[in-house]
There are 2 protein chains.
Amino acid sequence: MSEPAEISPLTLSRLPLYLRCLRQLQEKGTTHVSSSQLAQQFELSASLIRKDLAQFGEFGIRGTGYRVDELVDRLNGLLGLDRIHKMAVVGMGSLGSALARYLSVNDRPFKIVAAFDVDGGRVGSKLGHLIVHHSREIPEVIPETGARIAVLAVPASAAQKCYEDLTDSGIEAVLNFAPIRLKRNPAVRTKSVDFQIYLEELAYFLRS
Amino acid sequence: MSEPAEISPLTLSRLPLYLRCLRQLQEKGTTHVSSSQLAQQFELSASLIRKDLAQFGEFGIRGTGYRVDELVDRLNGLLGLDRIHKMAVVGMGSLGSALARYLSVNDRPFKIVAAFDVDGGRVGSKLGHLIVHHSREIPEVIPETGARIAVLAVPASAAQKCYEDLTDSGIEAVLNFAPIRLKRNPAVRTKSVDFQIYLEELAYFLRS
DNA sequence: ACCCGCTTGTGAACCATGTCACAAGCGTCT
DNA sequence: AGACGCTTGTGACATGGTTCACAAGCGGGT
Ligand SMILES: NC(=O)c1ccc[n+]([C@@H]2O[C@H](COP(=O)([O-])OP(=O)(O)OC[C@H]3O[C@@H](n4cnc5c(N)ncnc54)[C@H](O)[C@@H]3O)[C@@H](O)[C@H]2O)c1
Ligand SMILES: NC(=O)c1ccc[n+]([C@@H]2O[C@H](COP(=O)([O-])OP(=O)(O)OC[C@H]3O[C@@H](n4cnc5c(N)ncnc54)[C@H](O)[C@@H]3O)[C@@H](O)[C@H]2O)c1
């Protein structure tokens, strides 16, 4: 079976997970792993793993399982993690700063190349060797730096405006942390991470 | 139709979303809204909204739509947001501190009652009027404070251990931010928010 | 009082996703 | 070389979720 035109979103959401598990095995020195071993160890379903992986060609070995290194490389390639992704962070408050710091440390394939805020106290300050720009400079700075992914960490009230500025200046994917339902630009991959909603979801189970 | 024994997880994940949209309308002074208005305004599906809501009894008005206030109250009740939820935060690094600060401001139904870390520099420091405890005190402090939800913001290497300490001391729901696949306690509602994975998912669309 | 336009609630059709079961295939051991 | 044990890849099935289409029902206007 060769490359499908489109990966199902649910399959896609599991690939990074598999990758993480495999990296963990890799560090332990495991060279081969079967779908059922993976499943047991990480509470996944063996047949689902096989089905997910089989979409991209046969690279398991019957009777043996998968070669960990090869699978990691293959998934890295599939997900586009085999090259640097330049990112911008908008909103350098407590969350934005935490994210920026986090990405400077764990930056395997992701690299922050621009940061924005509007607060006089933050604009101009340095983030490592990076300067925090004023948000109004988004239209110029984004193309200059070549950032394609943006992280939105501004207050909800500013999020829609910032989102539009970002997508207008060529950003292709946005990870939004503001607790708001964005009016999306269909040409831009947009994902929202909504802490408040996760908590509310958990709260449901505690009604007792 | 009366209360179902169990809400489907996908329906559940949309209820907080509806709630958010409705609160927004409420602030604007809108008193009534139809499923199709909601759908258009927030890019949802009208029939899905109706189906989700109809599970909890008929409280729409045919020909008119839903009363915003009533729907908000009803969803608040359903999700258990009509009372205070006491929470603990474990790991007061940059993310934990941001979350704690965030929750102190936006604490409609969620209230932080305990904070933990292991770092000598942070243990004993104050978070508002709260003292940061050492993690080894989890077993005593959690029951004392009555926290039922925990937010895990420790490094991946410490996450499994902390998770187990928390669940052993009576925590009933955990929101985990560490980039690791936890071995779950089936009695505890566990949700992971994995920034890294979201980014990797977005990266896929930028392979071009 | 009745009609009419609108919207809900809901069965049925449709679609996606996950599970199961097994044939096909690899490697090893005799 | 042949048989055996194990694991993949995959069609058939089951499950669950979403969309569709429409009857039932409300409210306002005449
Ligand atoms: N802090 C958290 O733990 C947390 C958790 C979940 C979600 N969030 C959400 O993330 C967002 C940021 O949270 P935070 O705690 O960092 O808030 P914060 O107030 O600390 O930071 C917000 C930052 O955005 C800046 N800003 C405002 N308007 C801007 C604009 N137009 N362009 C660029 N920057 C702008 C502000 O100057 C400030 O520095 C909020 O929407 C919040 O709801 C935060
Ligand atoms: N910072 C971010 O933006 C971000 C984003 C996504 C995920 N995360 C994840 O969240 C976690 C925390 O990130 P961070 O940036 O705040 O890291 P951090 O290093 O700033 O903070 C971690 C904190 O946990 C404390 N800690 C360590 N072991 C502990 C234990 N056993 N009990 C209690 N506390 C303990 C440390 O003392 C430290 O204060 C990490 O797993 C990280 O991967 C962080």
Side-chain angles (χ1 to χ4, degrees), chain A residues 1-18 21-22 25 30-75 78 201 204, chain B residues 1-18 21-22 25 30-72 74-75 78 181 201 204:
Chain A
M1 201 103 320
S2 71
E3 313 284 314
E6 206 139 356
I7 300 184
S8 116
L10 287 173
T11 297
L12 175 58
S13 72
R14 283 186 297 266
L15 296 184
L17 210 97
Y18 299 155
C21 297
L22 289 163
L25 292 178
T30 312
T31 60
H32 293 259
V33 71
S34 73
S35 60
S36 55
Q37 284 174 317
L38 265 176
Q40 275 202 297
Q41 213 165 335
F42 298 102
E43 303 190 348
L44 303 164
S45 143
S47 56
L48 194 48
I49 293 174
R50 290 203 299 277
K51 207 154 228 181
D52 282 341
L53 296 181
Q55 287 178 51
F56 313 108
E58 309 193 1
F59 45 84
I61 305 158
R62 301 186 184 207
T64 307
Y66 299 88
R67 288 208 305 122
V68 176
D69 286 345
E70 185 191 343
L71 197 43
V72 166
D73 286 351
R74 197 77 173 72
L75 288 178
L78 257 168
E201 226 174 306
Y204 167 76
Chain B
M1 198 106 318
S2 71
E3 313 283 315
E6 205 139 355
I7 301 183
S8 113
L10 286 173
T11 296
L12 175 57
S13 72
R14 284 186 297 264
L15 296 183
L17 210 97
Y18 300 155
C21 298
L22 290 163
L25 292 178
T30 312
T31 60
H32 293 259
V33 71
S34 74
S35 59
S36 54
Q37 284 174 319
L38 266 176
Q40 276 203 295
Q41 213 164 335
F42 300 101
E43 304 190 348
L44 303 164
S45 142
S47 56
L48 195 48
I49 293 174
R50 290 204 299 277
K51 201 144 236 185
D52 282 340
L53 296 181
Q55 288 178 51
F56 313 109
E58 309 193 359
F59 45 83
I61 305 159
R62 300 184 184 208
T64 308
Y66 299 88
R67 288 208 307 122
V68 176
D69 286 345
E70 185 190 341
L71 197 43
V72 166
R74 197 78 173 71
L75 289 178
L78 257 168
R181 190 152 179 92
E201 228 174 304
Y204 166 77

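Just so we're clear, the structure is a prediction, and the values are computed from it rather than from any experiment. Order of the sequence lines fixes the chain letters, A, B, ..., with proteins taken first and strands second; residue numbering starts at 1 for each chain.
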Hey, what do you get for CG (B/Leu78) to CG (B/Leu75), rounding to the nearest 0.5 Å? 6.0 Å

How would you label the contact of A/Ser36 with the nucleic acid (heavy atoms, under 4.0 Å): base, sugar-phosphate, or nothing? nothing

A/Gln55 has an atom CD; how far is it from atom P of D/dT10, in whole Å? 11 Å

In whole Å, I'd like the distance from the CG atom of B/Leu10 to the P atom of C/dT17. 11 Å

Roughly how many Å is it from CG in B/Leu48 to C1' in C/dT8, rounded to a whole number? 15 Å

Any side-chain N or O of B/Ser8 less than 4.0 Å from the OP1 or OP2 oxygen of D/dG17? yes

Rounded to whole Å, please give me the gap between CD1 in A/Ile49 and C1' in C/dT19. 14 Å

Taking everything shown except B/Gln40 itself, do over 12 heavy atoms lie less than 6.0 Å from its CD? no

Does any non-hydrogen side-chain atom of B/Leu48 lie less than 4.5 Å from one of B/Arg14? yes

Counting distance alone, no hydrogens or angles: does the base of D/dT19 have a donor or acceptor under 3.5 Å from a partner atom on the side chain of B/Lys51? yes

With respect to the phosphate group of D/dT18, does any side-chain polar atom (N or O) of B/Ser45 fall under 4.0 Å of OP1 or OP2? no

From the options C/dT17, D/dC26, C/dT8, select the nucleotide whose nearest atom is closest to the side chain of B/Ile61. D/dC26

When you compare the side chain of A/Tyr18 with that of A/Leu53, does any pair of heavy atoms fall below 4.5 Å? yes

Does C/dT17 have OP1 or OP2 sitting under 4.0 Å from an N or O in the side chain of A/Thr11? no

Report the distance from atom OG1 of B/Thr11 to atom CD of B/Glu6, rounding to the nearest 0.5 Å. 11.5 Å

Interatomic distance, B/Phe56 CZ vs C/dG9 P [rounded to whole Å]: 12 Å

Can you check nucleotides 22-24 of chain D for protein contacts, nitrogen or oxygen pairs under 3.5 Å, and list what you find?
residue	atom	partner	partner atom	Å
D/dA24	N3	B/Arg62	NH1	2.9

Rounded at 0.5 Å granularity, tell me how far CG in B/Leu12 sits from CG in B/Leu17. 11.5 Å

Nucleotide C/dC6, atom C1' - distance to NE2 of B/His32 in whole Å: 15 Å

Does A/Tyr66 make a side-chain N or O approach to OP1 or OP2 of D/dC6 shorter than 4.0 Å? no

Can you measure B/Asp52 atom CG to D/dT19 atom P for me and round it to whole angstrom units? 10 Å

Could you tabulate the donor-acceptor pairs under 3.5 Å formed by side-chain atoms of residues 31-38 of chain A, not counting sequence neighbours?
residue	atom	partner	partner atom	Å
A/Ser34	OG	A/Ser36	OG	3.2
A/Ser34	OG	A/Gln37	N	3.2
A/Ser35	OG	A/Arg50	NH1	3.0
A/Gln37	OE1	A/Ser34	N	2.8

Is a donor on one side and an acceptor on the other found under 3.5 Å between the side chain of B/Arg74 and the backbone of B/Phe56? yes

C/dG9 P sits how many Å from B/Leu38 CG, rounded? 13 Å

Proximal nucleotide (of D/dT19, C/dG9, C/dT19) relative to the B/Glu58 side chain: C/dG9

Nearest to the side chain of A/Arg14 - C/dT17, C/dG18, D/dT18? C/dG18

When you get a sec, tell me which of C/dT19, C/dG9, D/dG27 is the closest nucleotide to the side chain of B/Thr64? D/dG27

